[in-house]
Amino acid sequence: MHRQLTDSLFEEPSLRVRLEEDLYLQVDKLVALVAVQTALDNGDYQPNPAIRNHYSLVIEEHALAIRELLRQLFSNS
């Protein structure tokens with residue numbers, strides 16, 4: 001009984017759990033990036049086009065990562 005309980009405590013999380021955690025992390029990152037971009041758009045500071053382009057590209061990367069994680073999550077269901 002003791003071995004069975006301790007072994008289960010240290011098992012690797014399932015693929016589904018890891019995918020869900022990665023998905024929430026990516027969503028949190030995307031929300032933070034959008035918040036920064038919104039603050040830049042509505043503030044007195046006007047970033048140059050290169051900075052705006054950089055934020056757009058990073059946001060796109062995170063959106064694509066979320067799409068891939070969702071694909072993996074639902075294909076493993």
Side-chain angles (χ1 to χ4, degrees):
M1 176 71 169
H2 173 68
R3 179 172 171 74
Q4 187 178 31
L5 180 61
T6 56
D7 286 347
S8 66
L9 289 176
F10 298 106
E11 285 180 10
E12 281 288 317
S14 71
L15 178 61
R16 182 175 178 86
V17 170
R18 282 184 296 181
L19 284 172
E20 287 177 6
E21 288 174 354
D22 289 346
L23 183 58
Y24 280 110
L25 178 62
Q26 286 297 326
V27 169
D28 289 344
K29 288 178 180 180
L30 184 59
V31 168
L33 286 166
V34 170
V36 169
Q37 188 170 35
T38 301
L40 288 174
D41 288 345
N42 293 319
D44 292 334
Y45 172 69
Q46 293 299 317
N48 66 39
I51 292 173
R52 288 174 142 330
N53 189 40
H54 175 73
Y55 266 93
S56 296
L57 291 172
V58 173
I59 288 170
E60 182 182 17
E61 280 180 19
H62 285 284
L64 292 173
I66 290 169
R67 176 185 277 171
E68 177 59 21
L69 288 167
L70 285 170
R71 186 195 63 72
Q72 290 176 27
L73 183 65
F74 290 119
S75 68
N76 291 328
S77 296

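Everything numeric here is computed off the predicted structure, so don't read it as measured data.
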| query | With the 4.5 Å side-chain cut-off for hydrophobic clustering, are L69 and Y24 part of the same group? | reply | no
Return a table of donor-acceptor pairs under 3.5 angstrom between the side chains of residues 25-42 and protein atoms on other chains or two or more places apart.
{"from": "Q26", "atom 1": "OE1", "to": "H62", "atom 2": "ND1", "distance (Å)": "2.6"}
{"from": "T38", "atom 1": "OG1", "to": "V34", "atom 2": "O", "distance (Å)": "2.8"}
{"from": "D41", "atom 1": "OD1", "to": "R52", "atom 2": "NH1", "distance (Å)": "2.7"}
{"from": "D41", "atom 1": "OD1", "to": "R52", "atom 2": "NH2", "distance (Å)": "3.1"}
{"from": "N42", "atom 1": "ND2", "to": "T38", "atom 2": "O", "distance (Å)": "3.2"}

| request: Applying salt bridge (Lys or Arg N to Asp or Glu O under 4.0 Å), name anything that partners E68, two or more places apart in sequence or on another chain. | output: R71
| said: Any non-hydrogen side-chain atom of L19 less than 4.5 Å from a side-chain atom of L23? | reply: no
| note | Distance col, row D22:CG vs L70:CG, nearest 0.5 angstrom, shows 11.5 Å
